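All figures in this text were calculated on a predicted structure; none of them were measured in a lab. Just so it is clear: chains get the letters A, B, ... in the order the sequence lines come, proteins before strands, and each one is counted from 1.
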2 protein chains.
Amino acid sequence: MKNSQKKQNVSGADLGVLLNTPAVPMRQPRTTRTTQTIGQILAAAERVFAEAGLAGATMAQLAAACGLPKANLHYYFGTKEALYTEVLQTILTLWLDAADAIHPAASPRAALTAYISAKMAHSRTRPYASKVFANEVLHGAVHLRSYLGLELRRKVDEKAVVIEGWITRGLMDPVDPRHLFFLLWAMTQTYADFDAQMAAVLAVPSLGSADFAVGEALILRLVLRGCGLGHDLKGTDR
Amino acid sequence: MKNSQKKQNVSGADLGVLLNTPAVPMRQPRTTRTTQTIGQILAAAERVFAEAGLAGATMAQLAAACGLPKANLHYYFGTKEALYTEVLQTILTLWLDAADAIHPAASPRAALTAYISAKMAHSRTRPYASKVFANEVLHGAVHLRSYLGLELRRKVDEKAVVIEGWITRGLMDPVDPRHLFFLLWAMTQTYADFDAQMAAVLAVPSLGSADFAVGEALILRLVLRGCGLGHDLKGTDR
DNA sequence: ACAAAAGCTGACTAATTGGTCAAGTTATTT
DNA sequence: AAATAACTTGACCAATTAGTCAGCTTTTGT
């Protein structure tokens with residue numbers, strides 16, 4: 001718990017292949033190797049935490065997932081919870097920026113379309129991140145209280161003002177902006193979080209990009225029409 | 001693991017108050033007490049599993065939550081996983097019936113309205129059940145594979161036919177019925193699963209019935225309009 | 001070139017946890 | 001009123017797990 005050292009890495013090539021690379025010296029500048037290793041640990045941990053949750057994931061699993069000895073993870077992060085918190089933090093920074101499309105100058109239609117598209121892209125490309133986040137909120141968000149109540153709330157408040165501006169300017173129908181966000185998050189993230197259910201219902205081994213396309217089109221349709229922006233909807237996006 | 005006994009219970013009154021009721025004899029027919037106890041364990045377990053997940057919940061927690069000694073739970077359910085599976089099963093039976101509102105004779109508008117309302121009622125009254133289910137699917141649905149791939153899939157296929165019938169009869173716009181279900185589940189269950197996030201964003205200690213009402217109205221609006229059923233929407237349901 | 005700092009790791013440990021069991025109590029059967 | 005079956009429980013155990021540490025190697029500073 002008294003960790004305040006620098007960092008180190010293991011070149012992706014050296015590592016991934018042989019797990020027991022026996023003390024192979026690898027000439028590389030320190031900081032580079034360090035940041036690489038840390039990134040590698042975080043990436044592996046994201047997947048493990050997504051699949052098993054904080055309590056379900058063991059340090060042994062986490063170590064195996066990135067091909068490093070257990071003690072190494074403790075060297076960099078101290079405790080399992082600290083590593084988890086770090087993973088969570090990485091996700092949050094990735095998260096908050098998605099709403100940038102929603103700003104006063106944009107048209108509601110373009111802004112919502114861009115936002116939905118961005119969120120769906122996240123679900124497709126970073127499903128583990130979404131699952132870790134979902135798992136955390138599901139279990140009471142004890143490691144996220146401050147983020148949710150401060151940063152996220154601020155961001156949502158800010159975007160709610162933008163949407164309310166559009167409404168008063170008559171650019172879209174009146175809807176509760178905050179609940180609109182809740183539903184947007186739910187609809188887009190469900191394609192990452194509940195993929196197992198969808199795949200089972202659709203009788204496919206896993207979701208493909210076609211499934212994401214159909215989902216995105218339907219979300220877009222519900223949201224745009226729901227906000228009174230659906231006039232020129234072209235054809236059936238079935 | 002070789003459990004094939006009968007069952008027993010502890011009267012709710014006796015129990016809840018004193019945790020250490022010391023060997024108080026309670027005259028009651030056996031089966032009654034048994035089924036009561038089992039129900040009590042399942043109810044408590046639902047909450048504990050919702051809050052901690054399968055891996056995170058300990059037998060000690062589960063025992064404390066229903067005020068019974070640990071060995072007692074093992075007597076009735078054998079293993080933690082068996083108890084978990086039982087909890088899951090209880091939820092599923094509760095789950096499948098909600099879609100009954102969707103049948104060929106009904107109007108799309110009435111059917112979808114009833115379905116959304118029923119699902120929102122579930123989220124309000126049985127949030128723990130929803131969370132246990134969400135947690136399970138999130139972690140790959142290993143304990144639900146057969147349910148998802150057989151019972152649920154059958155049910156969805158069946159309802160998809162109904163919806164496609166409505167579409168070909170021109171009663172509603174063409175949408176992919178399965179993805180419509182995915183979004184309906186996502187939107188309604190998010191009010192149970194992600195309540196912590198919502199409460200934080202709304203700056204309230206917990207969601208109230210007003211929040212559920214706003215959410216339900218918005219879901220209804222998006223879905224009905226999205227399906228081309230929103231013509232006579234009365235006023236702003238903001 | 002050498003000392004100090006940083007990084008790495010196998011082996012160990014204390015604590016927790018799921019599960020067992022034998023000895024008891026209560027209810028049912030005959 | 002036994003005898004048996006069903007239920008209850010504290011005490012116990014083997015296995016797992018997060019975290020530690022001493023000693024090693026590699027890099028960096030001078």
Item to check | Separation of atom CG in A:Leu73 from atom P in D:dT20, rounded to whole Å | outcome: 13 Å
Checklist outcome for this item: Regarding the side chain of A:Asn72, the nearest nucleotide among C:dG18, C:dG19, C:dT9 is C:dT9
Item to check | Between B:His179 and A:Tyr191: side-chain donor-acceptor atoms closer than 3.5 Å | outcome: yes
Checklist outcome for this item: In whole angstroms, the gap separating P of D:dA14 from CE of B:Met59 amounts to 20 Å
Next on the checklist: Regarding B:Ala63, tell me which of base, sugar-phosphate or nothing describes its non-hydrogen contacts under 4.0 Å with the strands shown.
Outcome noted: nothing
Checklist entry - Taking atom P of C:dG18 as reference, at what distance in whole Å does atom CD of B:Glu81 sit? => result 12 Å
Checklist entry - OH of A:Tyr75 versus P of D:dT26: gap in Å, rounded? => result 15 Å
Checklist entry - Counting distance only, does the side-chain N/O of A:Lys119 pair as donor-acceptor with the main-chain N or O of A:Ala99 below 3.5 Å? => result no
Checklist outcome for this item: Scanning both residues in full, the closest heavy-atom pair of A:Ile41 with A:Cys66 reads CG1-SG, 4.1 Å
Checklist entry - Between A:Lys80 and B:Ala71, who's closer to the 5' end of DNA chain D by nearest nucleotide? => result B:Ala71
Next on the checklist: Using a 4.0 Å heavy-atom cut-off, does A:Ala57 contact any base of the nucleic acid, only the sugar-phosphate backbone, or nothing at all?
Outcome noted: sugar-phosphate
Checklist entry - Within this structure, what is the NE2-to-P distance between A:His74 and C:dG7, rounded to whole angstrom? => result 17 Å
Next on the checklist: Does B:Lys70 contact D:dG10 through a side-chain donor or acceptor facing the base, at a distance under 3.5 Å?
Outcome noted: no
Next on the checklist: Ignoring hydrogens and geometry beyond distance, is a side-chain donor-acceptor pair present between A:Glu136 and A:Tyr84 at under 3.5 Å?
Outcome noted: yes
